[in-house]
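Step one of this worksheet: look at the structure below.
The chain is numbered in sequence order, starting from 1.
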Amino acid sequence: MGTVLGAMRNVRWHELQHAYGSASQVPGVLSRIAWGDAPTSDEALSDLERWISTPPVFDSTAATVPFLWELAATDTVRDRVGVLDLLATILAAGNAEHPAWTRAAHDAVAAGRATAARLAAAPDTPEAGGPFPARTVRTAATRLLTAIDRHGCPACAGLPPREAEVH
(Lines give C-alpha, C1' and ligand atoms only; values in the text may rest on other atoms or scores of the structure.)
Protein backbone atom coordinates (compact mmCIF):
# COMPACT_ATOMS: atom_id res chain seq x y z
CA MET A 1 0.00 0.00 0.00
CA GLY A 2 1.31 3.42 -0.88
CA THR A 3 0.91 6.61 1.08
CA VAL A 4 -2.12 6.64 3.35
CA LEU A 5 -4.97 8.36 1.48
CA GLY A 6 -2.74 8.94 -1.55
CA ALA A 7 -5.47 7.92 -4.01
CA MET A 8 -7.83 10.69 -2.80
CA ARG A 9 -6.51 12.92 -5.55
CA ASN A 10 -8.02 10.55 -8.13
CA VAL A 11 -11.60 11.27 -7.00
CA ARG A 12 -13.51 14.21 -8.48
CA TRP A 13 -14.79 15.34 -5.10
CA HIS A 14 -16.10 18.67 -6.45
CA GLU A 15 -18.58 16.73 -8.62
CA LEU A 16 -19.99 14.82 -5.64
CA GLN A 17 -22.44 15.97 -2.96
CA HIS A 18 -22.84 15.41 0.76
CA ALA A 19 -25.63 16.54 3.10
CA TYR A 20 -24.57 20.20 2.99
CA GLY A 21 -23.37 20.63 -0.59
CA SER A 22 -20.16 19.94 -2.46
CA ALA A 23 -17.98 17.10 -1.19
CA SER A 24 -14.82 19.03 -2.07
CA GLN A 25 -13.95 19.31 1.66
CA VAL A 26 -14.04 15.54 2.25
CA PRO A 27 -10.31 14.98 1.50
CA GLY A 28 -9.32 17.54 4.14
CA VAL A 29 -11.60 15.92 6.70
CA LEU A 30 -10.19 12.45 5.93
CA SER A 31 -6.69 13.88 6.38
CA ARG A 32 -7.64 15.33 9.78
CA ILE A 33 -8.90 11.89 10.82
CA ALA A 34 -5.64 10.32 9.63
CA TRP A 35 -3.15 12.76 11.10
CA GLY A 36 -4.94 15.07 13.53
CA ASP A 37 -4.55 15.12 17.28
CA ALA A 38 -7.40 13.58 19.31
CA PRO A 39 -9.75 16.62 19.35
CA THR A 40 -9.12 17.37 15.67
CA SER A 41 -9.64 13.75 14.65
CA ASP A 42 -12.82 13.44 16.74
CA GLU A 43 -14.29 16.62 15.26
CA ALA A 44 -13.42 15.52 11.72
CA LEU A 45 -15.00 12.09 12.22
CA SER A 46 -18.16 13.74 13.57
CA ASP A 47 -18.28 16.15 10.60
CA LEU A 48 -17.84 13.31 8.13
CA GLU A 49 -20.61 11.28 9.74
CA ARG A 50 -23.04 14.22 9.45
CA TRP A 51 -22.01 14.91 5.87
CA ILE A 52 -22.10 11.47 4.29
CA SER A 53 -24.25 9.11 6.30
CA THR A 54 -26.79 10.64 8.64
CA PRO A 55 -29.55 9.94 7.84
CA PRO A 56 -29.25 9.30 4.08
CA VAL A 57 -26.21 8.36 2.09
CA PHE A 58 -25.07 10.53 -0.81
CA ASP A 59 -23.09 10.02 -3.99
CA SER A 60 -19.95 11.00 -2.07
CA THR A 61 -20.50 8.22 0.49
CA ALA A 62 -19.40 5.37 -1.80
CA ALA A 63 -16.34 7.39 -2.86
CA THR A 64 -15.39 7.97 0.78
CA VAL A 65 -15.76 4.39 2.06
CA PRO A 66 -12.52 2.94 0.57
CA PHE A 67 -10.58 5.66 2.38
CA LEU A 68 -12.38 4.87 5.62
CA TRP A 69 -11.30 1.23 5.21
CA GLU A 70 -7.75 2.45 4.67
CA LEU A 71 -7.93 4.51 7.86
CA ALA A 72 -9.42 1.61 9.84
CA ALA A 73 -6.48 -0.56 8.78
CA THR A 74 -3.82 2.04 9.66
CA ASP A 75 -2.39 1.55 13.16
CA THR A 76 -1.51 5.22 13.63
CA VAL A 77 -5.08 6.49 13.17
CA ARG A 78 -6.27 7.67 16.58
CA ASP A 79 -9.92 6.61 16.41
CA ARG A 80 -10.03 3.41 14.38
CA VAL A 81 -13.06 2.32 16.42
CA GLY A 82 -14.88 5.50 15.37
CA VAL A 83 -13.99 4.83 11.73
CA LEU A 84 -15.30 1.25 11.99
CA ASP A 85 -18.46 2.52 13.66
CA LEU A 86 -18.94 5.05 10.84
CA LEU A 87 -18.65 2.22 8.31
CA ALA A 88 -21.39 0.36 10.23
CA THR A 89 -23.55 3.50 10.22
CA ILE A 90 -23.12 3.79 6.45
CA LEU A 91 -24.12 0.15 6.02
CA ALA A 92 -27.30 0.81 8.01
CA ALA A 93 -28.12 4.08 6.22
CA GLY A 94 -29.88 4.53 2.92
CA ASN A 95 -31.42 7.04 0.57
CA ALA A 96 -34.93 6.15 -0.62
CA GLU A 97 -34.76 8.70 -3.44
CA HIS A 98 -31.44 7.30 -4.71
CA PRO A 99 -31.32 3.53 -4.19
CA ALA A 100 -28.27 3.28 -6.47
CA TRP A 101 -26.33 5.52 -4.05
CA THR A 102 -27.42 3.29 -1.19
CA ARG A 103 -26.36 0.17 -3.05
CA ALA A 104 -23.00 1.68 -4.05
CA ALA A 105 -22.28 2.76 -0.45
CA HIS A 106 -23.26 -0.64 0.94
CA ASP A 107 -21.21 -2.47 -1.72
CA ALA A 108 -18.21 -0.30 -0.80
CA VAL A 109 -18.59 -1.22 2.88
CA ALA A 110 -19.00 -4.92 2.02
CA ALA A 111 -15.90 -4.74 -0.20
CA GLY A 112 -13.85 -4.14 2.95
CA ARG A 113 -15.02 -7.35 4.61
CA ALA A 114 -11.51 -8.88 4.43
CA THR A 115 -10.12 -5.87 6.31
CA ALA A 116 -12.80 -6.24 8.99
CA ALA A 117 -11.99 -9.96 9.31
CA ARG A 118 -8.27 -9.20 9.65
CA LEU A 119 -8.92 -6.56 12.31
CA ALA A 120 -11.31 -8.86 14.15
CA ALA A 121 -8.60 -11.53 14.32
CA ALA A 122 -5.71 -9.19 15.22
CA PRO A 123 -3.60 -10.11 18.25
CA ASP A 124 -4.00 -8.10 21.43
CA THR A 125 -1.03 -5.73 21.47
CA PRO A 126 -0.98 -2.81 23.92
CA GLU A 127 -0.39 0.00 21.42
CA ALA A 128 -2.15 -1.29 18.28
CA GLY A 129 -4.45 1.38 16.88
CA GLY A 130 -3.12 4.33 18.83
CA PRO A 131 -4.80 5.06 22.16
CA PHE A 132 -7.44 2.35 21.71
CA PRO A 133 -6.40 -1.14 22.78
CA ALA A 134 -6.42 -3.76 20.05
CA ARG A 135 -9.28 -5.49 21.87
CA THR A 136 -11.53 -2.47 21.29
CA VAL A 137 -10.65 -2.38 17.59
CA ARG A 138 -11.29 -6.14 17.40
CA THR A 139 -14.69 -5.71 19.02
CA ALA A 140 -15.72 -2.94 16.62
CA ALA A 141 -14.44 -4.94 13.64
CA THR A 142 -16.34 -8.02 14.81
CA ARG A 143 -19.57 -5.97 15.11
CA LEU A 144 -19.05 -4.60 11.60
CA LEU A 145 -18.22 -8.03 10.20
CA THR A 146 -21.47 -9.37 11.64
CA ALA A 147 -23.41 -6.44 10.16
CA ILE A 148 -21.85 -7.05 6.73
CA ASP A 149 -22.65 -10.76 6.85
CA ARG A 150 -26.27 -10.13 7.92
CA HIS A 151 -26.90 -7.17 5.64
CA GLY A 152 -29.92 -7.34 3.40
CA CYS A 153 -31.62 -3.99 2.92
CA PRO A 154 -34.25 -3.45 0.18
CA ALA A 155 -31.87 -1.42 -1.99
CA CYS A 156 -29.28 -4.16 -1.97
CA ALA A 157 -31.80 -6.97 -2.40
CA GLY A 158 -33.42 -5.19 -5.35
CA LEU A 159 -30.37 -5.00 -7.61
CA PRO A 160 -27.89 -7.56 -8.88
CA PRO A 161 -24.43 -7.12 -7.27
CA ARG A 162 -22.50 -4.01 -8.32
CA GLU A 163 -25.03 -2.97 -10.96
CA ALA A 164 -25.69 0.32 -9.21
CA GLU A 165 -23.81 3.37 -10.37
CA VAL A 166 -22.63 6.13 -8.06
CA HIS A 167 -23.72 8.91 -10.41
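- When all heavy atoms are compared, the tightest approach of Pro27 to Ser24 is CD-O, 3.4 Å.
- A donor-acceptor contact shorter than 3.5 Å is absent between the side chain of Arg80 and the backbone of Leu71.
- Each of Arg50, Glu43, Glu49 was scored for a side chain to side chain donor-acceptor pair (under 3.5 Å) with Ser46, with one residue passing: Arg50.
- The closest donor-acceptor contact from the side chain of Arg78 to the backbone of Ala34 lies at 3.5 Å or more, if one exists at all.
- Of the options Asp47, Asp79, Asp37, a salt bridge (charged side-chain N to carboxylate O under 4.0 Å, His left out) to Arg32 is made by Asp47 and by none of the others.
- No donor-acceptor distance shorter than 3.5 angstrom exists from the side chain of Trp51 to the backbone of Ala23, with no hydrogens or angles considered.
- For the pair Val26 and Phe67, the minimum side-chain heavy-atom distance is 4.5 Å or more.
- A pairwise comparison of heavy atoms in Leu5 and Glu70 identifies N-OE2, 2.7 Å as the closest pair.
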Applying side-chain hydrogen bond (donor to acceptor under 3.5 Å, both in side chains), run through Thr76 and Thr74 and close with a yes or a no. CA-CA 6 Å; Thr76 57; Thr74 303; 5.8 Å; no
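- Annotation: the span from Ser22 atom OG to Glu15 atom CD amounts to 9.5 Å, rounded to 0.5 Å.
- Here the straight-line distance linking atom CZ of Arg118 with atom CG of Leu145 works out to 12.5 Å at 0.5 Å rounding.
- Taking each heavy atom of Val65 and Ala105 in turn, the nearest pair found is CG2-O, 4.4 Å.
- A distance of 6.5 Å separates OG of Ser60 from NE2 of His18, quoted to the nearest 0.5 Å.
- Under the 3.5 Å distance criterion, the side-chain polar atoms of Thr61 are matched with a main-chain donor or acceptor of Ile52.
- The nearest pair of heavy atoms linking Trp13 to Thr64 is CZ3-OG1, 3.5 Å.
- Using a 4.5 Å heavy-atom threshold, the side chains of Leu45 and Val29 count as separate.
- The closest side-chain heavy-atom distance from Leu68 to Leu30 is below 4.5 Å.
- Here the closest non-hydrogen pair linking Leu16 and Ala63 is CD1-CB, 3.7 Å.
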Just list the side-chain donor-acceptor pairs under 3.5 Å for residues 81-98, sequence neighbours left out, or say none.
from	atom 1	to	atom 2	distance (Å)
Asp85	OD1	Arg143	NH2	3.0
Thr89	OG1	Asp85	O	3.0
Asn95	OD1	Glu97	N	3.1
Asn95	OD1	His98	N	3.3
Asn95	ND2	Val57	O	2.9

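- The nearest pair of heavy atoms linking Ala120 to Ala141 is N-CB, 3.6 Å.
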